[in-house]
Amino acid sequence: MVSPIQPEPFRIRMVEPVRVPNEEEREEALKKAHYNMFGLASKDIYIDLLTDSGTGAMSKYQWAALMCGDEAYAGADSFFALKEAVKDVLGFDYVIPTHQGRAAENVIFGTLVKKGDIVPFNMPFDTTRAHIFNNGATPVDCVIDEAFDPESDHPFKGNVDINKLEKVIIEHRDSIPLIMVTVTNNSGGGQPVSLKNLQEVSAVAKKYNIPFFIDAARMAENAYFIKMREKEYASWSLADILKAMMDTADGISVSCKKDPLVNIGGMICCRTEEMYHTLLPRVILFEGFATYGGLAGRDLEALAVGLREMTDEQYMAHRIAQVRYLGELLEEGGVPFVKPTGGHAIFIDAAAFFPHIPQEYFPADVLSIEVYREGAIRGIGLGALAFGTKDEKTGELKLPKLELYRLAINRRTYTNSHLEYVAKKIIDVYKRRDQVRYGLKVKYAPPVEGIHHFLAHLEPFNL
Ligand code: F0G
């Protein structure tokens, strides 16, 4: 059953023409891309759901704010506009701009983590995980078991299992520099974390005197799910729930290309002057001065406005309903995906979609190729190619528990009829799924752990 329509709380006054490439052009584009979605050119795509990162539409208020950018190297007005928005919306006293989320990760993990350390998470996303690996440390998933069951309708599948967390802490007491929780849990289907769970993690972190950080890329979507699903907060405003989430943490790492509604930008926010000064040297080395961190003044202005817009209740109600709508259309066609629908994307269960393709032959990435072939739609595989790890002793690929294919919905960008087209094309692939009888081999992958999927060259072979 499809829910009642939730109309857009905006109108569109600027359009970006897109075209549908024909079948021949798509086949050619796939070859040129080495069958990797990251290798496709935007001009060869009709609907691009590769990511919700930096792909949204800015509001007229954000475009107007761009014109007010102060480009002073140090102490720009635009930095203070951002600082004020951070204090108002998130409650933190200290903010460090960075050029995007992974730059914030470079600063946090490069400063706080040393070789041999363990970083407990619910689940980290790809670059977060890669930064931990590249500092010689290991992230440990402490998410609840329901996260690995695509059919489970647990309302907060991003939650941390507190027993798992305490066990990891007790086992590795002196080698845990921080605990991090990703909201919403992108690796596990865009699933939210409850406020109660954040408070519990925060209490555990305090008990063991370990800093607690939130990866807050999709914090406002998470706040909306708390409002919808955690009874005590049903009457709270989104803004108040978001502040309460932030109150649990010592700091946050943010890709502002997601919920904060900008095309580029990131930041670290923290509570103490001590943490701020601990992190700053690496900002100067890799990003820029403390008050611009790799961004132009105008970017800081757009971000300050975006931070305030992300808690608009009508905007968020529409956004979450739009993602749910795509899920409901796919459900009608019998397509298996992670339930309940997450915040920013639909995650199709590629293992259930193509049960005849073994996971080591990358069924999620086969699905991304087939969906592109069918409708010039780009999604992304988030399975063995993105999250597999090499066993240090045997060199064998250790397979992740989930094999997902993600369709990320760009903010304020596509209409519901675009999504109807997407659903139709995916259902068409589902109908012919038994005839898809090939797997993928990796012909080239970069020698850096955790980033294979971005740069891999793939080759189809018949099963
Ligand atoms: N944390 C989370 C939860 C993310 O989803 C991402 C990026 C990052 C950190 C890194 O941020 O891209 O600004 O450097 N996720 C994107 C995605 C790219 O497609 O989900 P970034």
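Remember, it's 1-based here, ligands and their atoms both numbered in the order they're listed. Basis for what follows: all heavy atoms, side chains included, without hydrogens, waters or symmetry-related copies.
His318 is linked by a ring-ring contact (aromatic ring centres under 6.0 Å, His included) to Phe10, counting only residues two or more places apart in sequence or in another chain.
Protein heavy atom at the shortest distance from atom 12 (O) of ligand 1 is Arg102 NH2, 2.9 Å. With hydrogens left out, the protein atom closest to atom 11 (O) of ligand 1 is Ser255 CB, 3.2 Å, a heavy atom. For atom 16 (C) of ligand 1, the closest non-hydrogen atom on the protein side is Lys258 NZ, 3.2 Å. Of the protein's non-hydrogen atoms, Thr127 OG1, 3.5 Å is the one closest to atom 10 (C) of ligand 1. Among protein heavy atoms, the minimum distance from atom 9 (C) of ligand 1 is reached at Glu105 OE2, 3.0 Å. Atom 1 (N) of ligand 1 has Asp215 OD2, 2.6 Å as its closest protein atom, hydrogens excluded (heavy atom only).
Ring geometry for Phe121 versus Phe109: interplanar angle of 30 to 60°, hence tilted.
Geometric assessment of Arg129 against the ring of Phe387 yields a negative cation-pi assignment under the 6.0 Å and 45° thresholds. The side-chain tip of Lys227 does not point at the ring of Tyr233 from less than 6.0 angstrom away and within 45° of straight on.
Ring-centre distance between Tyr292 and Phe79: not below the 6.0 Å cut-off. Checked against the 6.0 Å centroid criterion, the rings of Phe38 and Phe454 qualify as a close aromatic pair.
Proximity of His99 to ligand 1, defined as any heavy-atom pair under 4.0 Å, is not found for any part of the residue.
Considering backbone and side-chain atoms together, Gly101 places an N or O closer than 3.5 Å to an N or O of ligand 1.
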